[in-house]
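Since the structure comes first, as structure tokens, the remarks are kept for the end.
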4 protein chains.
Amino acid sequence: MSEAADAARKSIGARRNPESAEAILGAAEAVLSEAGYSGFSIEAVARRARAGKPTIYRWWPSKAALLLDVYQRQKRVDTPDTENLEEDLVGFLKNLFSHWRETSSGSVFKSLIAEAQSDETAAAALADYARGRRAQTGQMVERAKARGEVAADVDAELVADLVASFAWTHLLTNRLDEDEATIRTAVRYVVRGIALA
Amino acid sequence: MSEAADAARKSIGARRNPESAEAILGAAEAVLSEAGYSGFSIEAVARRARAGKPTIYRWWPSKAALLLDVYQRQKRVDTPDTENLEEDLVGFLKNLFSHWRETSSGSVFKSLIAEAQSDETAAAALADYARGRRAQTGQMVERAKARGEVAADVDAELVADLVASFAWTHLLTNRLDEDEATIRTAVRYVVRGIALA
Amino acid sequence: MSEAADAARKSIGARRNPESAEAILGAAEAVLSEAGYSGFSIEAVARRARAGKPTIYRWWPSKAALLLDVYQRQKRVDTPDTENLEEDLVGFLKNLFSHWRETSSGSVFKSLIAEAQSDETAAAALADYARGRRAQTGQMVERAKARGEVAADVDAELVADLVASFAWTHLLTNRLDEDEATIRTAVRYVVRGIALA
Amino acid sequence: MSEAADAARKSIGARRNPESAEAILGAAEAVLSEAGYSGFSIEAVARRARAGKPTIYRWWPSKAALLLDVYQRQKRVDTPDTENLEEDLVGFLKNLFSHWRETSSGSVFKSLIAEAQSDETAAAALADYARGRRAQTGQMVERAKARGEVAADVDAELVADLVASFAWTHLLTNRLDEDEATIRTAVRYVVRGIALA
DNA sequence: AGTTAACCGAGACGGTACGTCAAGTCTTCGC
DNA sequence: GCGAAGACTTGACGTACCGTCTCGGTTAACT
């Protein structure tokens, strides 16, 4: 897609060159999807983007920061609203799995998790991100509470945590091809467990 | 514990020297728990074990293989049997969390997961291992089925998957200090969801 | 002499650091004269010069290239001009022998010859160098021709070859302590052989 | 030629197994002529000879000793006797050059010289060998003295040194293809220089 | 005749060096 | 005055040999 420009980019004076930033993020994504996490290095990204390493380091202090930006630049999976919690959660997981499978997002996110195991700041950023996602996912449960599908004292974020954990683990162990029936069964176990009366 | 012997180890003939193997695994564990995954290099392990790098590469073709051996050398968490599924699962998770927290196992396993994201063989080994653990954990559910606590058509491994995913994710995001109440609540959501009638 | 600077050298921007080059050549010379050819390794030079191996490899593709540079950095022996061929050649050999004996040049040149036996590029470089030296040495003979000391059809380079061969062989077999009388006798055999009438 | 036997050699009791010695020397020669000095390692020889490394080290304390044995096992170039010094020396050099060119002797001898630059014992052995060869070559000059071709006070070994140096240098700089005319010219310069009256 | 001793192949051992790759820092030059 | 770019030091990578060691087995020579 947004490959490196043919001609060498020059400085545009004393301010950030948005072409460079774009080229770097694009190159990072491309490198990641072509060579995987093991081939993902600042050097490789710089080569691919026809940029100097310091240019990358100036704007992204670590590999983790770059990964995070790449991940966040990609379209988000949104949470469905079908007026039924089971359908919402199954839909969400199906969308998430296929999004991870079919775009480079899966690779990017896996890499981010891996990176977080050796980089403190990546760990913090990932924790923040995950917290936010749990809150967002939890809203599906909150809506179900409001509809009376689910007991009022249910910890929505904890439910979101269960669901997200299931997704993460499948991503990390290359099981994104799980069929819908299995996903639905897993979701149902949880939804029944929190259902009202 | 089993640090490198004071005197230099020599060859014991044309066969593997178990002292060296032991020293290397011990050194790997020590390096990992002291310097973390980011400081874990074959060089560092060799230095620590007073072993030559080729000796390590002879027996462990990759960092992943070494990590796997280190993890498997450590004592396992076993699955309780309290005649009650909720207690079994809560006990299992509590044991697992404290084992991961209090020994170096947590670091080792996190590192293994991270490594699996860049190493194909590590990924396969990890997948195998996880499959085995799901089966083992699933037996708690099977026993509950036999006792009539749980519906007969429940997919025991899927339940184990949910539980293990919860554990993995907490490990990977440094949330092993989750209190018992939260763990119990999460377990209860699932156990209720599969309870008979 | 020009040892590595006390403080660590830093980059001086996107161009070759002459201090590093100097430190590396100096270190190479020092290592060679202290540990000999057998102790001469890129690693040792890098350690001594407080330089990174990649810095050495960036500028000298092989051990041979480094050796050649070290040799050429050293002061040259020049060819005397005494209006008498025998004196010229004896003087040249005496100077050369004492130069090889008293500086590290001898070691360096021996190493270069040794290296050329296992390195193609070193062999080529050495051949080039030797050809150049023969031409230069041959000028002493050409001058003698012009003076009428020597027959006009004498192959000056071949004479230079004989003289240089004598020197090389003495260097390679540690016979640089040959006394002047012997050198003079050897030279005289050749000079008489090409004398006019 | 005498390649390794098909079946594994066994010990023949508490004494040196000549089959092994033969196989090792043969393998050394083969490795040298196929891979050159740079590929010549004790490991490679052991592999090729299907021998254990200690068997080699037991009988040859260094690479140099092995090289020397290999060289001495090969047929020698002998000194012609044509009743004419120029013809003798030209014949000798022609034979030597073609022997070095057409058998592996050239490689072997070059390697030996190279090895002598980093190995003290090889240097000593080579010096001894060279001294012996000078004496032998000098006999051609002695015979010429006896015939009255050459002045009585000529230093025969020094003449031999000049001739041998010429040969060594051509070997070391890959100039063994020198044509006969050039060889003859060089020889003539020296022979004339020592001729009687 | 039984024991001993040295040889044999094999291959693991702790090391050193190889040549390469990437990390993160630094400085100069161009816009 | 900032951005771009490449050189810098550092350190790890995985491999090849080094020379030493111990093994299990074999055979000849010495009790």
Quiz item: Where the side chain of C:Ser20 is defined as all heavy atoms beyond and including C-beta, which of E:dC8, F:dC23, F:dT9 is the nearest nucleotide?
Solution: F:dT9

Quiz item: Rounded to the Å, how far apart are D:Tyr57 OH and E:dA6 P?
Solution: 22 Å

Quiz item: Looking at F:dC18, E:dA10, E:dC13, which one has an atom nearest to any side-chain atom of D:Lys63?
Solution: F:dC18

Practice problem: Choose from E:dA10, F:dC13, E:dC18 the nucleotide whose nearest atom is closest to any side-chain atom of C:Ile42. | Solution: E:dC18

Quiz item: Roughly, in whole Å, what's the span from CG in B:Leu66 to P in F:dC13?
Solution: 11 Å

Exercise. Hey, can you tell me if B:Phe109 and B:Tyr71 have their rings parallel, tilted or perpendicular (30° and 60° cut-offs)?
Key: parallel

Practice problem: Counting heavy atoms from C-beta on, name the nucleotide in E:dG11, F:dG11, F:dA4 closest to the side chain of D:Pro54. | Solution: E:dG11

Quiz item: So, is A:Arg47 close to the E:dA22 phosphate, meaning a side-chain N or O under 4.0 Å from OP1 or OP2?
Solution: yes

Quiz item: Run the salt bridge (charged side-chain N to carboxylate O under 4.0 Å, His left out) check on C:Glu22 and C:Arg73 step by step: do they pass?
Solution: CA-CA 10 Å; C:Glu22 190 57 31; C:Arg73 199 177 68 126; 2.3 Å; yes

Self-check item: Closest non-hydrogen atom pair between C:Ser33 and C:Ser104, with its separation
Solution: CB-CB, 3.9 Å

Quiz item: Expressed in angstrom and rounded to an integer, what is the separation of B:Glu19 atom CD from E:dA12 atom C1'?
Solution: 13 Å

Practice problem: Report yes if at least one side-chain N or O of B:Arg15 is closer than 4.0 Å to OP1 or OP2 of E:dA12; otherwise report no. | Solution: no

Self-check item: Selection residues 110-120 of chain B - residue pairs positive for salt bridge (charged side-chain N to carboxylate O under 4.0 Å, His left out), sequence neighbours left out
Solution: none

Quiz item: Taking atom C1' of E:dG11 as reference, at what distance in whole Å does atom CG of B:Asn17 sit?
Solution: 13 Å

Exercise. Find which nucleotide of DNA chain F each of A:Thr55 and B:Lys10 is nearest to by heavy atoms, and output the residue with the more 5' nucleotide.
Key: A:Thr55

Self-check item: Where A:Phe40 and A:Ala28 come nearest, the two heavy atoms and their spacing
Solution: CE1-O, 3.7 Å

Quiz prompt | Side-chain donor/acceptor of B:Ser11 to base of E:dA12, under 3.5 Å | solution = yes

Quiz prompt | Gap between atoms CD1 and C1', on A:Ile24 and F:dG3 respectively (whole Å) | solution = 11 Å

Quiz item: Given atom CD1 of B:Ile56 and atom C1' of E:dC13, what is their separation to the nearest angstrom?
Solution: 13 Å

Quiz item: Where each residue is assigned the nucleotide of DNA chain F containing its nearest heavy atom, which of C:Gly52 and B:Gly13 is assigned the position nearer the 5′ end?
Solution: C:Gly52

Quiz item: How close or far is atom C1' of E:dC13 from atom CZ of B:Arg58, stated in whole angstroms?
Solution: 7 Å

Practice problem: Would you classify D:Ser41 as touching base, sugar-phosphate or nothing, given that sugar-phosphate means primed atoms plus P, OP1 and OP2, and contacts are heavy atoms under 4.0 Å? | Solution: sugar-phosphate

Quiz item: Which heavy atom in A:Ala46 sits nearest to a heavy atom in A:Gly52, and how many Å separate them?
Solution: CB-C, 4.3 Å

Practice problem: Using the closest heavy atom to pick a nucleotide of DNA chain E for each, name whichever of C:Phe40 or B:Pro18 lands nearer the 5' end. | Solution: B:Pro18

Quiz item: Does OP1 or OP2 of E:dC8 have a side-chain N or O of D:Trp59 closer than 4.0 Å?
Solution: yes

Quiz prompt | Base E:dA23 to side chain A:Lys53, donor-acceptor N/O within 3.5 Å cut-off | solution = yes

Quiz prompt | Nucleotide F:dA12, atom C1' - distance to CZ of B:Arg48 in whole Å | solution = 18 Å

